[in-house]
2 protein chains.
Amino acid sequence: MVTIKDVAKHARVSVATVSRVLNNNGYVGAETRKKVMTAIEELNYSPNEVARSLYKRGSRLIGLLLPDITNPFFPQLARGVEDEAGRHGFRVLLGNSDEDIEKEMDYIQTFVQNNVVGMITATNHVDYDMYQSLDLPLVLLDRTSSSYPAVYADGREGGRLAAETLIKKGAQRVTLVKGPAHVKPAVDRYRGAVEVLGEADVDFSVMSTTSYAFEEALNWAEELFKKFPETDGIIASNDIVGIAIIHEALKRGKNIPEELQIIGYDDIPQSRLSYPPLTTIRQPAYEMGRRAAELLIQRIGQPQQEHRSIQMPVELIERHTTRKDDQE
Amino acid sequence: MVTIKDVAKHARVSVATVSRVLNNNGYVGAETRKKVMTAIEELNYSPNEVARSLYKRGSRLIGLLLPDITNPFFPQLARGVEDEAGRHGFRVLLGNSDEDIEKEMDYIQTFVQNNVVGMITATNHVDYDMYQSLDLPLVLLDRTSSSYPAVYADGREGGRLAAETLIKKGAQRVTLVKGPAHVKPAVDRYRGAVEVLGEADVDFSVMSTTSYAFEEALNWAEELFKKFPETDGIIASNDIVGIAIIHEALKRGKNIPEELQIIGYDDIPQSRLSYPPLTTIRQPAYEMGRRAAELLIQRIGQPQQEHRSIQMPVELIERHTTRKDDQE
DNA sequence: TTGAAAGCGCTACCAG
DNA sequence: CTGGTAGCGCTTTCAA
């Protein structure tokens with residue numbers, strides 16, 4: 001390993017000087033700078049971030065805690081964060097919490113142990129001590145809190161939009177699939193939908209589910225048709241279960257969208273690939289991740305500043321699991 | 001921040017002693033140990049990994065470089081790595097290369113700058129200087145090399161299996177979709193398929209594609225049917241394009257699998273959700289990631305040991321885009 | 001404009 | 001069994 005000392009020796013200056021050119025601060029003579037630069041080149045030196053981090057009490061790492069990147073919504077958030085962070089010279093330490101508080105705490109500890117300069121988290125537990133006692137710039141992603149800045153999409157509005165769409169397009173007996181109760185955004189969108197459905201002139205029923213896992217999605221879909229065979233409009237808890245519902249509906253010979261309309265949530269990349277392509281409520285996942293990183297980095301710069309949250313708009317993406325026009 | 005010094009003071013011992021109990025080495029009296037333990041508890045102390053890493057010249061971090069976690073195959077690898085690593089007290093620093101050599105080099109630099117103890121990479125460029133001069137335990141994942149241990153699935157065999165399946169099931173005019181030329185596993189499976197197709201008594205054509213991106217998958221599918229409208233058996237370059245092909249086929253009113261059979265590659269979670277559910281060649285992605293981490297950690301323990309690669313079996317997952325039996 | 005040296009938090013060696 | 005201390009690679013005073 002080549003160290004700053006080697007560079008100093010090679011350039012016949014002190015380590016202090018090398019450090020100064022490295023960090024571009026303090027006075028350095030033009031001559032000297034050049035000498036150092038070439039030494040760096042020749043030795044192919046790159047500074048040890050760990051040593052740097054130790055002294056500065058802060059690395060160039062940011063901690064990112066997500067429920068599960070195996071769920072296609074999250075990789076997009078992650079890429080948004082990573083790309084924006086990278087643009088500012090930061091890298092990400094990734095953790096999957098599986099919505100498990102133990103794992104979450106473990107990761108948080110890891111993050112602080114590694115001197116991350118800030119952290120982005122999609123947690124339902126900001127109120128825990130772990131977070132309270134955290135002395136780090138923090139931004140929530142895909143979650144909200146009054147105590148921290150957050151970047152999230154308007155779930156309530158998304159739920160409303162989904163319901164309104166289905167109603168406008170003539171669904172009469174809608175089934176609302178309720179996501180896991182402990183996942184905040186899931187309940188937001190559920191409430192939004194109920195809000196609209198409750199006021200509207202349609203029958204509706206609710207089916208509760210407890211996970212977003214791929215393996216179970218088909219079971220939920222099956223259960224749904226068993227319980228509500230007469231439904232003609234389904235609001236899925238997310239695109240995964242939306243796609244599973246298409247699958248099951250087709251299997252049962254239902255005509256989509258004539259007989260049965262389906263609307264998903266998230267707009268994960270594969271939703272346009274389903275057949276028929278899934279109508280859905282889009283959350284701008286990549287952009288959300290990007291903004292979260294942006295916000296965090298801002299706060300790293302000026303930690304005192306009063307915090308600001310960003311609510312991203314949701315958007316109806318009309319594809320072919322809903323009808324073209326209002327028709328009964 | 002509470003440091004080892006604080007703990008020492010609190011427990012009325014020296015930092016050396018605290019360090020010893022922390023690391024469970026050297027002699028420590030039972031009494032003393034207890035005192036230290038309680039001090040640690042009371043102060044809620046956890047050691048600074050950065051300082052530790054600086055001294056030891058090695059962190060508890062492993063670098064993971066993947067092409068793009070936005071492609072559903074990779075999050076599974078990533079989770080496998082992460083979970084296994086976590087089990088051994090390691091965490092992962094994640095980088096997406098986008099198959100871009102620049103980004104790749106950047107991340108490698110970051111990894112060494114942060115003292116990672118080892119690295120797992122899905123690269124096509126092990127032969128580059130960057131890797132050659134790397135003095136770190138390294139294992140390849142989803143890629144091969146003669147110079148490093150690797151965990152990969154048998155692409156050649158997978159390609160063969162796909163082709164054999166289609167032939168056995170009576171396809172007469174098969175179309176082989178060739179993945180991006182610079183992605184090694186893609187060409188392996190392509191070759192395997194050609195091997196079998198060339199020997200068999202069927203017509204076949206090849207269609208080249210240059211990416212796996214979701215956005216383009218539908219375009220490839222469309223192009224395919226334009227160029228080869230008569231095909232009755234398609235070997236997709238991966239499940240994403242397989243699913244896109246189902247989409248396009250259905251849109252064109254083709255009967256699957258009677259008129260047209262399709263076989264994918266990877267067995268990503270969403271493949272069973274398509275309709276009809278996609279027959280595919282499974283790569284045990286999660287397990288591959290897990291094994292790669294296992295291998296790496298082994299090598300971290302004993303770096304000298306001669307290296308061993310692990311070839312994972314591929315497996316035909318018969319779902320409903322291929323026919324039940326051999327029938328013409 | 002430069003260099004010497006202290007110190008970031010921790011580990012490991014050496015004395016006692 | 002325990003403590004003192006050097007030193008990991010770097011940054012940043014402070015003096016020169």
Side-chain angles (χ1 to χ4, degrees), chain A residues 1-37 39-40 43-61 89 109-117 135-136, chain B residues 1-37 39-40 43-61 89 109-117 135-136:
Chain A
M1 178 186 230
V2 28
T3 77
I4 198 175
K5 226 169 173 174
D6 301 320
V7 176
K9 211 166 294 175
H10 198 83
R12 301 171 169 287
V13 297
S14 73
V15 296
T17 302
V18 177
S19 175
R20 277 189 287 257
V21 348
L22 245 30
N23 297 285
N24 249 316
N25 58 18
Y27 296 95
V28 181
E31 280 297 283
T32 326
R33 155 165 277 112
K34 198 173 295 174
K35 274 196 306 187
V36 173
M37 295 295 244
I40 288 175
L43 299 182
N44 191 10
Y45 166 77
S46 88
N48 180 325
E49 271 303 324
V50 174
R52 203 173 244 183
S53 164
L54 178 59
Y55 187 90
K56 306 268 273 294
R57 290 132 173 281
S59 63
R60 298 293 286 175
L61 261 26
Q109 196 186 26
T110 298
F111 291 166
V112 327
Q113 286 184 317
N114 284 283
N115 268 355
V116 302
V117 267
D135 185 28
L136 272 180
Chain B
M1 176 186 233
V2 26
T3 77
I4 199 175
K5 227 170 172 173
D6 301 320
V7 176
K9 211 169 293 175
H10 198 83
R12 303 170 169 288
V13 296
S14 74
V15 295
T17 302
V18 177
S19 176
R20 277 188 288 258
V21 346
L22 245 29
N23 298 284
N24 250 315
N25 57 18
Y27 297 95
V28 182
E31 280 296 285
T32 326
R33 155 164 277 113
K34 198 173 292 172
K35 274 197 305 187
V36 173
M37 295 296 245
I40 288 174
L43 298 182
N44 192 9
Y45 165 77
S46 88
N48 180 326
E49 272 302 325
V50 174
R52 203 171 244 185
S53 164
L54 178 58
Y55 187 89
K56 308 265 274 287
R57 294 131 170 281
S59 63
R60 299 294 286 176
L61 262 26
Q109 196 186 27
T110 298
F111 291 165
V112 326
Q113 286 184 318
N114 284 283
N115 267 358
V116 301
V117 265
D135 183 29
L136 271 181

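Each chain gets a letter, A, B and so on, in the order the sequences are listed, and its residues count up from 1.
We find that NZ of B/K5 is positioned 9 Å from C1' of C/dG7, with the value rounded to whole Å. The distance between atom CE of A/M1 and atom P of D/dC8, rounded to the nearest whole Å, is 12 Å. Distance A/K9 NZ to D/dG9 P: 12 Å, rounded to the nearest Å. Taking atom CG of B/D6 as the reference point, atom C1' of C/dG9 lies 10 Å away to the nearest angstrom. Rounded to an integer number of Å, the gap from B/N115 CG to D/dC8 P is 14 Å. The distance between atom CG of A/L54 and atom P of C/dA6, rounded to the nearest whole Å, is 17 Å. Atom CZ of B/R20 is separated from atom P of D/dC1 by 11 Å (rounded to the nearest Å). At whole-Å resolution of the value, CD in B/Q113 and C1' in D/dC10 are 13 Å apart.
Note on A/N48: every side-chain N or O is 4.0 Å or more away from OP1 and OP2 of D/dC10. In this model, the phosphate group of C/dA12 is approached by a side-chain N or O of B/N25 to a distance below 4.0 Å at OP1 or OP2. Applying the 4.0 Å criterion to OP1 and OP2 of C/dG3, one finds that A/T17 has a side-chain N or O inside that range. OP1 and OP2 of D/dC8 both lie 4.0 Å or more from every side-chain N or O belonging to B/R52. Look at B/Y55 and you won't find any side-chain N or O under 4.0 angstrom from OP1 or OP2 of C/dC13. Distances shorter than 4.0 Å separate none of the side-chain N or O atoms of B/T3 from OP1 or OP2 on C/dG9.
Note on A/V13: only backbone sugar-phosphate atoms sit closer than 4.0 angstrom, heavy atoms only; bases stay farther off.
The side chain of A/V15 lies closest to C/dA5, out of D/dG4, C/dA5, C/dT11.
No side-chain heavy atom of B/K35 sits under 4.5 Å from any side-chain heavy atom of B/V28.
Within a 6.0 Å sphere centred on CG of B/N25, heavy atoms belonging to other residues, nucleotides or ligands number more than 12.
Taking CD of B/E49 as the start and CG of B/L61 as the end, the distance is 8.5 Å to the nearest 0.5 Å. With rounding to the nearest 0.5 Å, the separation of OG1 in B/T3 from CG in B/L43 is 9.5 Å. If you take CD1 on B/I40 and CG on B/L22, they are separated by 5.0 Å, rounding to the nearest 0.5 Å. In this structure, CZ in A/R60 is found 8.5 Å from CZ in A/R52, a value given to the nearest 0.5 Å. Atom CD1 of A/I4 is separated from atom CG of A/N48 by 10.5 Å, given to the nearest 0.5 angstrom. Taken from CD in A/Q109 to CG in B/N44, the straight-line distance is 8.0 Å, to the nearest 0.5 Å.
In terms of polar N and O atoms assigned as donor or acceptor, the side chain of B/R57 never comes within less than 3.5 Å of the base of D/dG9 in a complementary pairing.
Remark: A/Y27, A/V28, A/G29, A/T32 in residues 26-35 of chain A come within less than 4.0 Å of DNA chain C through at least one heavy atom.
Comparing A/K56 and A/V50 by the nucleotide of DNA chain D whose heavy atom lies nearest to each, the residue mapping closer to the 5' end is A/V50.
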